[in-house]
Protein chains: 2
Amino acid sequence: MTKQKKVILDILRHTDSHPTADWIYAQARKVLPDISLGTVYRNLGVLKEAGEIMELNYGSTYSRYDGNPENHYHCVCLNCGRIIDLPMPVHYELEKEAANSGCSKILYHRLEFYGLCPDCQQKEEH
Amino acid sequence: MTKQKKVILDILRHTDSHPTADWIYAQARKVLPDISLGTVYRNLGVLKEAGEIMELNYGSTYSRYDGNPENHYHCVCLNCGRIIDLPMPVHYELEKEAANSGCSKILYHRLEFYGLCPDCQQKEEH
DNA sequence: GTAGTTGCAAACTTTTTGCTACCCA
DNA sequence: TGGGTAGCAAAAAGTTTGCAACTAC
């Protein structure tokens, strides 16, 4: 665990904003001004492999990262692009159903809802 | 509707392989040898906007396209990368639940299962 | 001491874009 | 004849990689 990796993990653990690699890089530079973008990507890859974080790619050309490795569901705002964690229970029974529909050996599933986040919804009402 | 757009839509409507832009380009060139990759991308974008097709990006650096614009669920094989359609019903009640958890104005949702496809599952057993 | 990691920069992949020419209603 | 597309090639955007120097243990 190098200090670079620690800083990156720290940043992800202390935000719920599902940031991009670039944003993480910018934050990390505030602590380690000489850190490089390559190192950020390398460590994000290592942390992902280790199951410490998750990589999300919901309808974008770039990835976002999630410091919470437990399965949980997301709301993706089609207006501002924000990704919000949803405090709803994970429906493992869906995996049984999918298995019966022809998907063998399911390890996990992902569920995202696309719409408007509360902020954008409110703005639209004005 | 130019002939290029028609060919691209035709290719997508007649496969269930969720192909990449590159694969579509290769197929299209068999019919229209002078078609360019830029045109493929442009038309995929237009068709997506028109709701004729869907763009999928499940854990890859590149997108795949789905000629079936109706919401349905997928099984992503972690071994061979294949994406399979699942003939299970769409659970719209999940959207109600998500709305109650803080996601306003939900337009649609996506659900994917990650695991092994029947082929890879079988190979693993040997 | 050394195995693994960094910073840097160049390379790579996928997708987008600018431009001129073309096609067809 | 003119508005919308195509083809081409160059550029953009995001990510990965090779390498010499450096770190952490």
Side-chain angles (χ1 to χ4, degrees), chain A residues 1-12 15 17-67 76 78 80-83, chain B residues 1-12 15 17-67 76 78 80-83:
Chain A
M1 172 76 60
T2 62
K3 63 184 176 218
Q4 287 86 346
K5 191 196 281 186
K6 190 176 179 333
V7 165
I8 290 167
L9 185 54
D10 247 44
I11 289 169
L12 273 168
T15 182
S17 71
H18 309 85
T20 62
D22 228 52
W23 187 90
I24 295 166
Y25 173 52
Q27 298 303 308
R29 280 219 290 190
K30 293 182 184 171
V31 186
L32 302 171
D34 286 337
I35 196 172
S36 74
L37 188 54
T39 295
V40 171
Y41 274 108
R42 255 184 304 232
N43 278 311
L44 288 172
V46 169
L47 289 167
K48 185 177 66 168
E49 288 306 310
E52 297 282 341
I53 65 173
M54 284 198 300
E55 182 177 1
L56 314 175
N57 43 2
Y58 297 161
S60 299
T61 52
Y62 48 85
S63 288
R64 290 170 169 277
Y65 295 87
D66 192 327
V76 182
L78 293 169
C80 69
R82 198 182 313 187
I83 296 178
Chain B
M1 172 78 61
T2 62
K3 62 184 179 226
Q4 287 86 348
K5 191 196 280 187
K6 191 175 176 335
V7 164
I8 290 168
L9 186 54
D10 246 45
I11 290 169
L12 273 169
T15 181
S17 72
H18 309 85
T20 62
D22 225 53
W23 187 89
I24 296 166
Y25 173 51
Q27 298 303 309
R29 282 219 289 190
K30 293 181 183 170
V31 186
L32 303 170
D34 286 336
I35 195 172
S36 73
L37 188 54
T39 294
V40 171
Y41 274 108
R42 252 185 303 234
N43 279 312
L44 288 172
V46 169
L47 289 167
K48 184 177 66 168
E49 289 305 311
E52 297 282 340
I53 65 173
M54 283 198 299
E55 182 177 0
L56 314 175
N57 44 2
Y58 297 161
S60 300
T61 53
Y62 48 85
S63 287
R64 290 169 169 279
Y65 295 86
D66 191 328
V76 183
L78 293 169
C80 68
R82 198 180 316 188
I83 295 179

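Order of the sequence lines sets the chain letters (A, B, ...), proteins ahead of strands, with each chain counted from 1. Owing to the predicted nature of the structure, the values given are computational and were not obtained by experimental measurement.
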Quiz item: Is there a donor in the side chain of A:Ser63 and an acceptor in the side chain of A:Glu55, or the other way round, less than 3.5 Å apart?
Solution: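 Distance-only check passes for A:Ser63 and A:Glu55.
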Do the side chains of [Y] and [X] get nearer than 4.5 Å, heavy atoms only?
| X | Y | answer |
| --- | --- | --- |
| B:Leu56 | B:Tyr65 | no |
| A:Tyr62 | A:Arg64 | yes |
| B:Asn43 | B:Leu9 | no |

Proximity to the side chain of [X] - top-ranked nucleotide from [options]:
| X | options | answer |
| --- | --- | --- |
| B:Thr61 | C:dG7, C:dT14, C:dT17 | C:dT14 |
| B:Ala21 | C:dT15, D:dG7, D:dA24 | C:dT15 |
| A:Asp34 | D:dG7, C:dG7, D:dT15 | C:dG7 |
| A:Thr2 | C:dT15, C:dG18, C:dT5 | C:dT5 |
| B:Tyr62 | D:dG18, C:dT15, D:dA6 | C:dT15 |

Atom [atom1] of [X] and atom [atom2] of [N]: how far apart are they, to the nearest Å?
| X | N | atom1 | atom2 | answer |
| --- | --- | --- | --- | --- |
| B:Ile24 | C:dT15 | CD1 | C1' | 13 Å |
| B:Leu47 | D:dT5 | CG | P | 11 Å |
| B:Leu44 | C:dT14 | CG | P | 15 Å |
| B:Ile35 | D:dT5 | CD1 | P | 14 Å |
| B:Leu9 | D:dT5 | CG | C1' | 17 Å |
| B:Tyr25 | D:dC8 | OH | C1' | 10 Å |
| A:Lys6 | D:dT23 | NZ | P | 19 Å |

Would you say [N] has OP1 or OP2 under 4.0 Å from some side-chain N or O of [X]?
| X | N | result |
| --- | --- | --- |
| B:Gln4 | D:dG7 | yes |
| B:Thr39 | D:dG7 | yes |
| B:Ser63 | C:dT15 | yes |

Self-check item: A:Gly38 or A:Val46, whichever maps to the more 5' nucleotide of DNA chain C
Solution: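 So the residue in question is A:Val46.
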Quiz item: More 5' along DNA chain C: B:Arg64 or B:Lys3, using each one's nearest nucleotide?
Solution: B:Arg64
Quiz item: Are B:Trp23 and B:Thr15 close enough, and set up right, to give a side-chain contact (heavy atoms from CB on, under 4.5 Å), and what steps lead you there?
Solution: CA-CA 11 Å; B:Trp23 187 89; B:Thr15 181; 4.3 Å; yes
Have a look at [X] and say if it touches a base, only the backbone sugar-phosphate, or nothing, with a 4.0 Å heavy-atom cut-off.
| X | value |
| --- | --- |
| B:Asn43 | sugar-phosphate |
| B:Leu37 | base |
| B:Tyr41 | base |

Exercise. With rounding to the nearest 0.5 Å, note down the distance linking CD1 in A:Ile11 to CD1 in A:Ile24.
Key: 7.0 Å
Quiz prompt | Any N/O donor-acceptor pair, A:Arg29 side-chain to C:dG7 base, under 3.5 Å | solution = no
Quiz item: Between the side-chain atoms of A:Arg42 and the base atoms of C:dG7, is any donor-acceptor pair under 3.5 Å?
Solution: yes
